[in-house]
Amino acid sequence: INALRSDNQALTQRVLKAAERAEIAHAVDVTMAAMGYSLIGSKDASAEGTVKLYSFSNGTGIQVIHRADGIIRLKVVGLATPGHALDAADQAYLLTQQRDFCNAYESIVDALDKQGIRQVKGTVRALPPSAQFSQCVDVLEYDPHFLEAPQSGKRRAVNRPIQLTEGNG
């Protein structure tokens with residue numbers, strides 16, 4: 001009986017964590033849509049969690065990595081197709097977009113806060129814009145079936161860290 005209780009408690013915790021991750025993902029979708037960032041697609045990055053790609057500006061996107069441990073990371077990436085190699089002009093453009101994203105980041109954090117997603121103090125890992133962080137992602141790797149428009153709605157507050165990574169703010 002104790003083994004069954006323990007298994008039941010473990011299963012309940014996994015279900016609660018999955019529900020919390022789904023709620024956070026929904027809040028991110030609502031926030032990004034409200035700010036005018038269209039969802040391009042999503043993919044499962046099993047080790048890292050889920051990765052979503054939103055439009056940012058001409059030829060760039062915001063990659064949102066929602067890790068299994070609840071941490072959310074945002075970064076600007078170039079949108080490309082297989083085999084595209086970054087040249088100096090691409091890197092310079094992406095550096096400009098990283099700087100623009102730094103300005104948009106605070107608005108995103110504020111909007112997420114209104115959706116109940118709180119930034120945990122001391123968890124921001126904001127690296128300065130740098131050409132070394134310029135990268136392109138293959139848009140064909142993202143599953144476009146996630147293109148439904150999120151429904152807005154008030155959610156309960158969950159305290160999960162939101163982090164910037166790879167030179168975007």
Side-chain angles (χ1 to χ4, degrees), residues 21 24-147 149-150 152 158-169:
R21 281 193 307 274
I24 291 169
H26 176 77
V28 170
D29 286 342
V30 168
T31 297
M32 298 302 272
M35 296 185 72
Y37 304 121
S38 302
L39 181 61
I40 295 171
S42 180
K43 68 179 181 176
D44 182 32
S46 37
E48 289 192 63
T50 303
V51 181
K52 289 188 176 181
L53 186 61
Y54 298 87
S55 63
F56 183 56
S57 66
N58 188 28
T60 63
I62 299 172
Q63 188 180 55
V64 178
I65 300 168
H66 187 180
R67 293 184 357 189
D69 62 5
I71 292 174
I72 297 172
R73 293 191 174 168
L74 310 168
K75 64 180 176 179
V76 172
V77 294
L79 305 178
T81 52
H84 179 78
L86 284 176
D87 60 22
D90 291 333
Q91 286 183 336
Y93 180 67
L94 285 172
L95 183 59
T96 301
Q97 295 307 301
Q98 289 174 23
R99 289 185 184 115
D100 289 349
F101 176 70
C102 289
N103 295 327
Y105 175 72
E106 289 304 319
S107 297
I108 293 171
V109 170
D110 289 343
L112 286 170
D113 186 66
K114 289 176 183 163
Q115 288 290 321
I117 306 301
R118 311 271 186 264
Q119 185 171 0
V120 177
K121 289 184 180 185
T123 62
V124 175
R125 190 178 121 200
L127 300 175
S130 172
Q132 77 182 24
F133 301 122
S134 296
Q135 76 177 82
C136 284
V137 297
D138 178 359
V139 295
L140 299 178
E141 291 179 359
Y142 290 81
D143 187 352
H145 84 276
F146 289 94
L147 294 177
S152 63
V158 289
N159 289 314
R160 283 289 179 224
I162 298 170
Q163 295 187 355
L164 279 181
T165 186
E166 302 202 12
N168 293 311

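Everything numeric here is computed off the predicted structure, so don't read it as measured data.
The shortest distance between side-chain heavy atoms of K75 and I62 does not fall below 4.5 Å. With contacts defined as side-chain heavy-atom distances shorter than 4.5 Å, the pair K52/V28 does not qualify. Looking only at side-chain heavy atoms (C-beta outward), L79 and L53 come within less than 4.5 Å of each other. Looking only at side-chain heavy atoms (C-beta outward), L94 and F133 stay at 4.5 Å or farther from each other. Looking at heavy atoms from C-beta onward, Y142 lies in side-chain contact with V51 at the 4.5 angstrom threshold. Taking the side chain as every heavy atom from C-beta outward, L112 and I24 never approach each other to under 4.5 Å. The side-chain heavy atoms of L74 and Q63, taken from C-beta on, include no pair separated by under 4.5 Å. Looking only at side-chain heavy atoms (C-beta outward), I108 and M32 come within less than 4.5 Å of each other.
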Exercise. Applying side-chain contact (heavy atoms from CB on, under 4.5 Å), run through S134 and Q97 and close with a yes or a no.
Key: CA-CA 10 Å; S134 296; Q97 295 307 301; over 6 Å; no
Exercise. Could you walk me through whether R67 and I65 pass side-chain contact (heavy atoms from CB on, under 4.5 Å), step by step?
Key: CA-CA 6 Å; R67 293 184 357 189; I65 300 168; 4.1 Å; yes
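Across S55 and G36, no two heavy atoms sit closer than the pair OG-O, 4.4 Å. Between A27 and I117, the shortest heavy-atom contact is CB-CG1, 3.6 Å. Contact detail for M35 and S107: the closest heavy-atom pair is CE-CB, 3.5 Å.
For the atom pair OG1 of T31 and CD of Q115, the computed distance is 4.5 Å after rounding to the nearest 0.5 Å. Separation of atoms CD (Q132) and CD (Q91) is listed at 10.5 Å; rounding is to 0.5 Å. In this structure, NZ in K43 is found 11.5 Å from CG in D143, a value given to the nearest 0.5 Å.
No option in L95, D100, T96 other than L95 meets the side-chain contact (heavy atoms from CB on, under 4.5 Å) test with P129.
When the side chain to side chain contact (heavy atoms under 4.5 Å, CB included) test is applied to D87, the partners found at least two apart in sequence or on another chain are A89, D90.
Remark: the backbone N or O of F56 is not paired with any side-chain donor or acceptor of T60 at under 3.5 angstrom. Between the side chain of T50 and the backbone N or O of D44, no donor-acceptor pair lies under 3.5 Å.
Under the 3.5 Å distance criterion, with hydrogens and angles disregarded, no donor-acceptor pair is assigned to the side chains of N58 and Y93.
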